[in-house]
Amino acid sequence: MSLAIAPDDVLIVVDMQYDFLPGGSLAVAGGDEIVPLINTLAKRFTNVVLTQDWHPADHISFATQHPGKSAFETVDLDYGTQVLWPDHCVWGSHGAEISQDLDIPHAQLIIRKGYNRLIDSYSGFQEADRDTLTGLAGYLNERDVGRLYVVGLAADFCVAWTALDGVAGGFGVTVIEDATRGIDNAGSLERAWADMKGAGVVRVASKEILG
Ligand code: VGL
Ligand code: ZN
């Protein structure tokens with residue numbers, strides 16, 4: 001595997017939305033610090049795809065929908081264990097908007113996920129029921145793209161699940177570590193890196209790519 005970026009490679013910029021940035025309802029520490037680096041990286045890619053977490057106000061992943069439960073606790077749903085979150089990325093709200101500080105005018109696709117009330121979706125490819133597809137794999141396959149490079153928020157949830165599903169879909173996947181930040185709830189960040197390593201996701205620092 002070469003670290004040089006090829007013209008058919010794709011940068012996937014995950015969930016750089018106000019609710020995940022400082023001041024947002026599910027702020028990821030240091031999330032704002034990665035914006036300039038993501039802008040620099042994006043200039044090296046012909047192909048850029050953005051993802052956008054996009055929930056109805058009564059989404060099942062919100063702790064407010066489960067009386068007696070608090071954010072960061074879990075519940076058992078039909079598809080498995082679900083972490084409960086503060087209300088975030090509600091469609092039409094400011095918090096759901098992608099940061100205006102991202103400077104990626106050449107981004108080709110914004111894929112929204114998490115819009116089904118009863119199913120969460122960390123991954124840009126597949127919802128948490130592990131069945132409902134977003135269409136991203138179909139899009140990338142139809143475009144006949146090369147390697148996927150994943151950056152954004154949060155490293156241990158939407159970045160990791162997107163990277164893992166990319167590998168499962170047959171893509172070569174690299175995560176650029178310093179262009180991510182994690183939530184790190186109950187050891188989730190360490191677990192996510194272990195899962196990604198086990199799946200064959202390549203972990204690099206941006207300087208290895210930018211030279
Ligand atoms: C995310 C928790 C809930 C993420 C989205 O973007 O990592 N995390 N929804
Ligand atoms: Zn969400």
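Only heavy atoms go into these numbers, but all of them, side chains included; no hydrogens, no water, no symmetry mates. Whatever order the structure lists them in is the order used to number ligands and atoms, beginning at 1.
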Colleague: Considering only heavy atoms of A154, which atoms of ligand 1 have at least one such atom less than 4.0 Å away?
Modeller: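 Numbered from 1, ligand 1 contributes 4 (C), 6 (O), 7 (O).
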
Colleague: For a distance under 2.8 Å, tell me if C158 has an N/O/S atom near the Zn ion (ligand 2).
Modeller: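 No, C158 does not qualify, because none of its backbone or side-chain N, O or S atoms lies under 2.8 Å.
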
Colleague: When you compare ligand 1 with H88, is there at least one nitrogen or oxygen pair between them that comes in under 3.5 angstrom?
Modeller: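 So ligand 1 has an N or O lying under 3.5 Å from an N or O of H88.
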
Colleague: Y139 and I104: same hydrophobic cluster, using ILVMFWY side-chain contacts below 4.5 Å?
Modeller: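 In one cluster with Y139: I104, no.
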
Colleague: Would L11 end up clustered with I98 when hydrophobic side chains under 4.5 Å apart are linked, directly or stepwise?
Modeller: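 Same hydrophobic cluster.
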
Colleague: How close does the nearest protein non-hydrogen atom get to atom 4 (C) of ligand 1, and which residue and atom is it?
Modeller: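 Ranked first by proximity to atom 4 (C) of ligand 1 is C158 SG, 2.7 Å.
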
Colleague: Closest non-hydrogen protein atom to atom 5 (C) of ligand 1, residue and atom name please, with distance?
Modeller: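 Checking every protein heavy atom, the shortest distance to atom 5 (C) of ligand 1 gives D53 OD2, 3.2 Å.
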
Colleague: Of all the heavy-atom pairs spanning M196 and L164, show the shortest one and how long it is.
Modeller: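 Looking at all heavy atoms of both residues, the closest pair is CA-CD2, 3.9 Å.
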
Colleague: Quick check on Q17 - does any of its heavy atoms sit under 4.0 Å from an atom of ligand 1?
Modeller: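 Q17 does not count as a contact of ligand 1 under the 4.0 Å cut-off.
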
Colleague: Set out, in order, the CA-CA distance, both residues' side-chain angles and the distance that settles side chain to side chain contact (heavy atoms under 4.5 Å, CB included) for F62 and H88, then state yes or no.
Modeller: CA-CA 8 Å; F62 296 170; H88 65 278; 3.5 Å; yes

Colleague: Determine whether the aromatic ring centres of W161 and F125 lie less than 6.0 Å apart.
Modeller: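 Not under 6.0 Å, so no.
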
Colleague: Within ligand 1, which atoms have a heavy atom of F157 less than 4.0 Å away?
Modeller: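 Near F157, meaning under 4.0 Å from one of its heavy atoms, ligand 1 has 7 (O), 8 (N).
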
Colleague: Any chain of hydrophobic side-chain contacts (each under 4.5 Å) joining Y149 to V202?
Modeller: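 Y149 clusters together with V202.
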
Colleague: Centroid-to-centroid, F45 to H106, below 6.0 Å?
Modeller: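 F45 vs H106: aromatic centres not under 6.0 Å.
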
Colleague: At the Zn ion (ligand 2), what angle lies between atom OD2 of D53 and atom NE2 of H55, rounded to 10 degrees?
Modeller: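 Once rounded, the angle between the two atoms at the Zn ion (ligand 2) is 90°.
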
Colleague: Considering only non-hydrogen protein atoms, determine which one is nearest to atom 6 (O) of ligand 1 and report residue, atom name and distance to 0.1 Å.
Modeller: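 Protein heavy atom at minimum distance: D15 OD2, 2.7 Å.
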
Colleague: Relative to ligand 1, is L153 under 4.0 angstrom through side chain, backbone, both or neither, heavy atoms considered?
Modeller: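 Within the 4.0 Å criterion, L153 contacts ligand 1 through backbone atoms alone.
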
